[in-house]
There are 2 protein chains.
Amino acid sequence: MTVSIKDVARAAGVSPATVSRALGGGPVSAELRGQVEAAVKATGYRPNLSARRLRSRHSQTIGLIVADISNPFFTAVARAVEDAAYTAGLRVILCNTDENPQKEAMYLQLMEEERVTGVIFAPTRASVDKLARGTYNFPIVLIDRAGRASGQDAVVLDNFAAAGMLVEHLVAQGYHRITGLFGNASTTGVERHDGYVAAMRLAGLAPAARFIAPSIEAAEAEARRWFTQGTVPEAVIASNGLMLMGVVRAMRAAGKRIPQDMAIAGFDNESWTELAGPGLTVIEQPVADIGRTAMKLLLERLDTPDAPARKVVLGGRCVVRGSTSRISPADAPTA
Amino acid sequence: MTVSIKDVARAAGVSPATVSRALGGGPVSAELRGQVEAAVKATGYRPNLSARRLRSRHSQTIGLIVADISNPFFTAVARAVEDAAYTAGLRVILCNTDENPQKEAMYLQLMEEERVTGVIFAPTRASVDKLARGTYNFPIVLIDRAGRASGQDAVVLDNFAAAGMLVEHLVAQGYHRITGLFGNASTTGVERHDGYVAAMRLAGLAPAARFIAPSIEAAEAEARRWFTQGTVPEAVIASNGLMLMGVVRAMRAAGKRIPQDMAIAGFDNESWTELAGPGLTVIEQPVADIGRTAMKLLLERLDTPDAPARKVVLGGRCVVRGSTSRISPADAPTA
DNA sequence: AGCACCTATGAAATCGTTTTCAGTGTCAAC
DNA sequence: GTTGACACTGAAAACGATTTCATAGGTGCT
């Protein structure tokens, strides 16, 4: 039925060991190597990766565990990770946790059973602290969310500074009552919140922050509440692309103008943000860099398991668009 | 080092066979089952999936091969496939081909080596015909693109009809010079083109179609050319979400208004389309349905390998928004 | 009691590779 | 002419599970 290495060996007139060596680049005479290659072609042999992994004890596979691949931020990171992994000869197993700690635990266990070489992981706030090094028998590189977890390799954005940049920009444009919407599932939300609060205080303004589920729907509902209750801030900062979209949706539904009725700024320079309304001011994260760097850290960790942990902090870029334009007093929000 | 089934057996005072049966739901007395479970906990045993797959000869894994996971259409389909696979106890290996037939061939070969149970595949036009049933030793379900491939299970949109709907809608709104932009990599582009041409003819209008690479950049470049050369159509139909975005970008860059300077309609009801300009009229594909149905077809195929091939054709829904509003004669394009 | 039959169990074979181990043959150096 | 080094090769063990096969013990029926 299926053709194994023994069949190839028989067809080539050599031993299975020689076939294995010929295919794996071991020491084999040019003559036999030729015979083996011919036999492989003739028989249509395909190696069985399960058998190979079992015997050789390395899977050439890494796990990539993120909240939700349909979030464009993770999509972009995932593509970068996959490309880097592929050039390193590794496969990637992708897992969506939906910010659910139970799913996270389940997938980590699955990774153990797959005997993966390593894992790149964007954990929820709940489980980021439980990842003491050595808990799993593979190295983990955290992305996007690291908290103060010290013993772990990680690649994150300078969230504190980035949130501050948005506040400063808004203040410079003349906005004062600036509300922040932050995700309640990740450490990222916390750090951005802290940066927001610090920058507001520095500007002598009163922070007004809300932690909500990091989803389009939650943000939309929150913003809609402002409009119906008449407590509309002058400007809002949304702590990721999904929440940003939720706010824009709510504004359109309520017939509000950006930025005249409310200015908007947020995180994640997704391609739609330049097309919505007057264009949205956002912090651009170096998504491809994050993925590539995570993969690099993982490979280096595999090389030197005992080197001290490294945390790479990347800077965000503030992309200014029309959603935070200065507005003339005549146009100023009245509410 | 790593704990195997033998260690568990020793700890439980039973044979490895009994451990395997206890874990796999085989016939084992309640007493021994309890001992085994205790031993598993005590030893921290994790099954080795490679070994299991090797011996049991089924991988419990399917492949999902798409053009590019960062295309929201495929992202959405992929999530649906993954969720369905997960509830069926299957893992998913995700592969991005970037519309490159060589990568497609490589990944299909990889799927053979992984001994996957089956594959869900969105092929390029170049390779859709080479997939005669029986070429691979796993069943394949085509999604999104099937061409006239008869022997294959497939889940596709009624592209011909959907493109026609867009034309009819535009014509009803008073547009006449309607240009179509179609992807040149997939059969989908061809079918939508054919539906467009047929509907145009039926309306007594002259079709004007272009086949280009299905990317944001290619569509943007094409539309920009119209503006610089002054050959701007009254309306444009873009054959997927990426190309639609390219056209919108070009319009914004050129300072053109939607729909006064050019009306826009397209495929894929991605969440940004409701936020761009006056909202974009699009064909909504039942993305989740496509993924779920593909998984269902695959499972049924595994059950009954010799049943005749089935092609499921799903209908699209036309979501009308401001980008195709009727325009008053005064506002009509002058070019 | 004797027989057939069923269930639970363990010993051993098996899946398809890689890797170890033990050669074999060739060649250069003394 | 012996010796050591070296490059190749094949036989067999090993990887860690599942599955087959044989057996022991019980149960029901005559």
Whole Å only: how far is the [atom1] atom of [X] from the [atom2] atom of [N]?
X      : N      : atom1 : atom2 : result
B/L49  : D/dA17 : CG    : P     : 10 Å
A/I5   : C/dT19 : CD1   : C1'   : 12 Å
B/L54  : D/dT18 : CG    : P     : 11 Å
A/N48  : C/dT14 : CG    : P     : 17 Å
B/E114 : C/dC15 : CD    : C1'   : 16 Å
A/E113 : D/dG16 : CD    : P     : 15 Å
B/R52  : C/dT17 : CZ    : P     : 21 Å
A/L23  : D/dT9  : CG    : C1'   : 16 Å

Worksheet item: Of all heavy-atom pairs between A/R33 and A/G25, which one has the smallest distance, and what is that distance?
Response: NH1-CA, 4.4 Å
Worksheet item: Which atom pair, heavy atoms only, marks the closest approach of A/F121 to A/P123?
Response: O-CD, 3.3 Å
[X] near the nucleic acid: base, sugar-phosphate alone, or nothing, with a heavy-atom cut-off under 4.0 Å?
X     : value
A/V14 : sugar-phosphate
B/R46 : sugar-phosphate
A/S20 : base

[N], OP1 or OP2 - any side-chain N/O from [X] closer than 4.0 Å?
X     : N      : answer
B/Y45 : D/dA17 : yes
A/S56 : C/dT17 : no
A/T18 : D/dC8  : no
A/S15 : D/dG10 : yes
A/R57 : C/dT19 : no

Fill in: hbond_proxy B/R53 side chain to D/dG16 base (donor-acceptor, 3.5 Å cutoff)
no
Discussion item. Ignoring hydrogens and geometry beyond distance, is the side chain of A/R55 in donor-acceptor contact with the base of D/dG16 at under 3.5 Å?
Written reply: no
Worksheet entry | salt bridge (charged side-chain N to carboxylate O under 4.0 Å, His left out) assessment of A/R148 paired with A/D129 | CA-CA 8 Å; A/R148 33 190 106 279; A/D129 294 325; over 6 Å; no
Worksheet entry | Residue pair A/E99, A/T124: steps toward the side-chain hydrogen bond (donor to acceptor under 3.5 Å, both in side chains) verdict | CA-CA 6 Å; A/E99 310 278 12; A/T124 59; 5.7 Å; no
Closest listed nucleotide, where the reference is the side chain of [X] and the choices are [options]:
X     : options                : result
A/V28 : D/dT9, C/dT19, D/dA17  : D/dT9
A/A17 : D/dG16, C/dT19, D/dT19 : C/dT19
A/S29 : C/dG10, D/dC8, D/dG16  : D/dC8

Worksheet item: When the nearest nucleotide of DNA chain C is assigned to A/R21 and to B/R21 on a heavy-atom basis, which residue is associated with the more 5' position?
Response: B/R21
Worksheet item: When you match A/P27 and A/P16 each to their closest nucleotide on DNA chain D, which lands nearer the 5' end?
Response: A/P27
